[in-house]
> 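Starting off with a structure, shown below.
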Amino acid sequence: MLTLLILSDVHYAGSAERARSHDYETRGVPSPLLRRAVRTYRHFVWLRDPFAHNHRLDWFLSEEPAADFVVANGDFSCDTAFVGVSDDAACASARECLAKLREQFEPAFEPVMGDHELGKLSMVGRQGGMRLASW
């Protein structure tokens, strides 16, 4: 029997991303009403504190799951600059996250790039986007 372990959307926040202000999503939003809507959405619906989830990866790794093959589906950083790993802080987060996963699961580990690695437009501020030139 083959054991496959799939991990997705870690959203790891290294120290440089955690040092950024929690208003990184709304900083570029010109409308006060829209800024309030984003903060309300973030507070009640989706990841109230996007930097407070590293413990989940650490817990997962502490369980020491045995697997023949491990796939990690992208979003290894919080992408707080919305330009993917071309941002030094997001790159550092992704490297730290991937290092932990590789240490635990090599040689059975296979990462898959996600939109947080490429960069994407912010939800409403139209900040960021893909930065393929950095690759």
> Could you check Val10 against Phe60 for side-chain contact (heavy atoms from CB on, under 4.5 Å), going step by step and ending with a plain yes or no?
CA-CA 11 Å; Val10 178; Phe60 173 77; over 6 Å; no

> Show me the pairs that pass side-chain hydrogen bond (donor to acceptor under 3.5 Å, both in side chains) and involve residues 104-115, at least two apart or across chains.
Asp115-Lys120

> Can a donor-acceptor pair be found, under 3.5 Å and without considering hydrogens, that links the side chain of His55 to the backbone of Ala52?
yes

> Can you sort out the partners of Ala19 under side-chain contact (heavy atoms from CB on, under 4.5 Å), two or more places apart, ordered by chain and number?
none

> Might you point out which heavy atoms bring Ala67 and Val70 nearest each other, and give the distance in Å?
CB-CG2, 3.8 Å

> Quick one: list whatever passes salt bridge (charged side-chain N to carboxylate O under 4.0 Å, His left out) with Arg42, sequence neighbours left out.
Glu25

> If we only count heavy atoms from C-beta on, is the His116 to Phe76 side-chain gap below 4.5 Å?
no

> Give, for atom OG1 of Thr26 and atom CG of Leu34, the distance between the pair rounded to the nearest 0.5 Å.
9.5 Å

> Go through the structure and list residues passing ring pair (Phe, Tyr, Trp, His ring centres under 6.0 Å) with Tyr24, not counting sequence neighbours.
Phe51, Phe82

> Who are the side-chain hydrogen bond (donor to acceptor under 3.5 Å, both in side chains) partners of Trp46, not counting sequence neighbours?
none

> Can you tell me if Asn73 uses its side chain to pair, donor with acceptor, with the backbone of Val112 under 3.5 Å?
no

> So which heavy atom on Leu98 is nearest to which on Pro111, and how close?
CD2-CB, 3.8 Å

> Asp88: which residues meet the salt bridge (charged side-chain N to carboxylate O under 4.0 Å, His left out) condition with it, sequence neighbours left out?
none

> Residues two or more places apart in sequence or in another chain: which of them pass side-chain contact (heavy atoms from CB on, under 4.5 Å) with Leu4?
Ile6, Phe69, Val71

> So, using side-chain hydrogen bond (donor to acceptor under 3.5 Å, both in side chains) as the criterion, who are the partners of Arg102 when residues are at least two apart?
none

> For the CG atom of Leu101 and the CG atom of Leu7, what is their distance to the nearest 0.5 Å?
6.0 Å

> Under the salt bridge (charged side-chain N to carboxylate O under 4.0 Å, His left out) test, which residues partner Arg27, sequence neighbours left out?
Asp23

> What are the two closest heavy atoms between Cys97 and Leu57, and how far apart are they?
SG-CD2, 3.9 Å

> So, using side-chain hydrogen bond (donor to acceptor under 3.5 Å, both in side chains) as the criterion, who are the partners of Asp49 when residues are at least two apart?
His22

> Quick one: side-chain hydrogen bond (donor to acceptor under 3.5 Å, both in side chains) pairs with a partner in residues 10-19, sequence neighbours left out?
His11-Asp75, Tyr12-Glu96, Tyr12-Lys100, Glu17-Thr80, Glu17-Ser93

> Counting neighbours of CD on Glu63 that are heavy atoms of other residues, nucleotides or ligands and sit closer than 6.0 Å, is the number greater than 12?
yes

> At their closest point, which heavy atom of Asp79 faces which heavy atom of Ala90, and how far apart are they?
CA-CB, 4.3 Å

> Can you tell me how far apart SG (Cys78) and CG (Asn54) are? Round to the nearest 0.5 Å.
7.0 Å

> Just one of Arg36, Arg39, Arg35 clears the side-chain contact (heavy atoms from CB on, under 4.5 Å) bar with Val29, so which one?
Arg35

> In chain order, what residues pass the salt bridge (charged side-chain N to carboxylate O under 4.0 Å, His left out) check against Arg20, with sequence neighbours excluded?
Asp87

